[in-house]
> 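Let me begin by handing over the structure; questions about it come next.
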Amino acid sequence: MGSVPTTGPLYIGTSTIHICTASVVSSPTQNLVITAAHCVFGGSGRGMTFVPGSVNGSEPYGRWTVVAAYADPAWIHHHDPLVDIAILKVAPDQIFGASLQVQQVTGGNKLIAAPATIGQVQLPAYAAGVGGWPFSCLATAHRTGRYPTVTCSGGYVLGTSGAPFIQGSNVLGVIGGLQGGGCLPTTEYSSPFNAATIALLNRAASGAAGDTLPAAGSDGC
């Protein structure tokens, strides 16, 4: 498939190695990205970089530097898989000679609470590594307990954590949560998006200081 402008790989600093997937989420500040909390390997997230719409290492919409990360206290203190979600704030970038926020360049998906009956979602993602092409699955989501779940034909391996569950112009999940997103490449989970997730987004948009996240724990696989 072609790339999705709002979605791209998340890198360790300015290296060529990407380790997760992230996507732009709509906000008043236009500078927020969403991923799985376990993708922020411990610390503030500062210096990680996000490349939306990338195809085999290209940077069609620029490379955006993370300046703060936000997560639920239950993740920070207990690695609670029900809140394996992080909001990342990225610095503005110079695009065509103008200082712009990422959402001004790529657009963004509106974060919503996942309904009881979710329906069909798309999961654009990038496997970990250097370069690489985006891929996607379109499938009907269901729930495994409280966790939104999608079953795809495969390919959702290391690096796809944080990939968004997109429905229309909305995002209602990211790969993560139960088993760190799933022990099998054919099954993808998300922590449930709810009022607390929306509150997390609002805190990130408020200008509050970012959080210090713990190193990722065991996924139980």
Side-chain angles (χ1 to χ4, degrees), residues 4-8 10 20-40 42-50 52 61 64-93 99-116 118 121 123-124 141 143 146-148 161-177 181 189-214 216:
V4 175
T6 57
T7 303
L10 188 63
C20 274
T21 302
S23 61
V24 183
V25 61
S26 295
S27 70
T29 53
Q30 300 188 308
N31 62 351
L32 301 180
V33 174
I34 192 167
T35 191
H38 74 258
C39 290
V40 184
S44 66
R46 290 182 65 90
M48 299 181 79
T49 54
F50 167 64
Y61 304 103
W64 304 81
T65 302
V66 175
V67 296
Y70 301 83
D72 192 285
W75 175 265
I76 294 171
H77 298 297
H78 308 297
H79 285 119
D80 187 341
L82 286 168
V83 289
D84 185 7
I85 302 158
I87 304 293
L88 309 179
K89 181 183 294 185
V90 298
D93 197 5
S99 179
L100 299 176
Q101 303 290 357
V102 63
Q103 188 181 327
Q104 294 177 282
V105 178
T106 64
N109 300 304
K110 182 180 179 182
L111 192 155
I112 65 168
I118 299 171
V121 295
L123 275 73
R143 289 184 185 270
R146 294 170 64 182
Y147 298 92
S161 289
F165 287 36
I166 294 176
Q167 187 175 72
S169 60
N170 299 322
V171 58
L172 45 78
V174 295
I175 293 178
Y189 301 113
S190 170
S191 300
F193 279 20
N194 51 32
T197 319
I198 296 170
L200 178 66
L201 176 71
N202 291 338
R203 179 161 67 89
S206 73
D211 298 322
T212 299
L213 279 64

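The first residue in the sequence is number 1, and the count goes up from there.
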> What are the two closest heavy atoms between G168 and I166, and how far apart are they?
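Minimum heavy-atom contact is O-CG2, 3.4 Å.
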
> Got a donor-acceptor contact below 3.5 angstrom from the T21 side chain to the G162 backbone?
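No, because the side chain of T21 does not come within donor-acceptor range (under 3.5 Å) of the backbone of G162.
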
> Has R46 got a side-chain atom pairing as donor or acceptor with V67's backbone, closer than 3.5 angstrom?
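Yes; at least one donor-acceptor contact below 3.5 Å.
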
> For residues L172 and A114, report the shortest heavy-atom separation together with the two atoms involved.
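For L172 and A114, the tightest heavy-atom pair comes out as O-CB, 3.8 Å.
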
> Please report the closest heavy-atom contact between T35 and L88, naming both atoms and the distance.
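In this case the closest contact between T35 and L88 is CG2-CD1, 3.9 Å.
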
> Does A74 have any side-chain contact (heavy atoms from CB on, under 4.5 Å) partners at least two apart in sequence or in another chain, and if so, which?
D72, D80, V83

> Tell me the closest heavy-atom pair linking G8 and F50, and the distance in Å.
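In terms of heavy atoms, the two residues are closest at N-CE1, 3.5 Å.
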
> Determine yes or no for a side-chain-to-main-chain donor-acceptor pair under 3.5 angstrom, with D211 supplying the side chain and Y70 the backbone.
no

> Any chance you could measure T29, atom OG1, to Q101, atom CD, to the nearest 0.5 Å?
7.0 Å

> Please check this pair: side chain of N194 against backbone of A113, looking for a donor-acceptor N/O pair closer than 3.5 Å.
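Not a single qualifying donor-acceptor pair exists.
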
> Return the CD1 to NZ distance between I198 and K110, rounded to the nearest 0.5 Å.
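With rounding to 0.5 Å, CD1 (I198) is 8.5 Å from NZ (K110).
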
> Where do G210 and A68 come nearest, in terms of heavy atoms and distance?
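Shortest heavy-atom separation between G210 and A68 comes out as CA-CB, 4.2 Å.
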
> Considering only heavy atoms from C-beta outward, does the side chain of P192 approach that of L82 to under 4.5 Å?
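Answer yes - side chains close enough.
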
> For G173 versus S190, what's the shortest heavy-atom pair and its separation?
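Shortest heavy-atom contact: CA-OG, 3.2 Å.
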
> Looking at S23 and T6, would you say the former's side chain and the latter's main chain have a donor-acceptor pair under 3.5 Å?
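Not at all, since once roles are kept as given, no pair shorter than 3.5 Å links the two residues.
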
> Strictly distance-based, threshold 3.5 Å: is any side-chain N or O of Q104 a donor or acceptor partner for the main-chain N or O of Q30?
no

> Using the side-chain contact (heavy atoms from CB on, under 4.5 Å) rule, pick out the option among N202, L200, V33 that qualifies with I87.
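With I87 as partner, N202, L200, V33 yield a single side-chain contact (heavy atoms from CB on, under 4.5 Å), made by L200.
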
> Using 0.5 Å steps for rounding, measure from the OG1 atom of T197 to the CD1 atom of I34.
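That separation rounds to 7.5 Å.
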
> When rounded to the nearest 0.5 angstrom, what distance separates CG in L201 from OG in S206?
10.0 Å

> Between R203 and A71, is there a donor-acceptor pair closer than 3.5 Å when you use the side chain of the first and the backbone of the second?
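Judged by distance alone, yes, a pair lies under 3.5 Å.
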
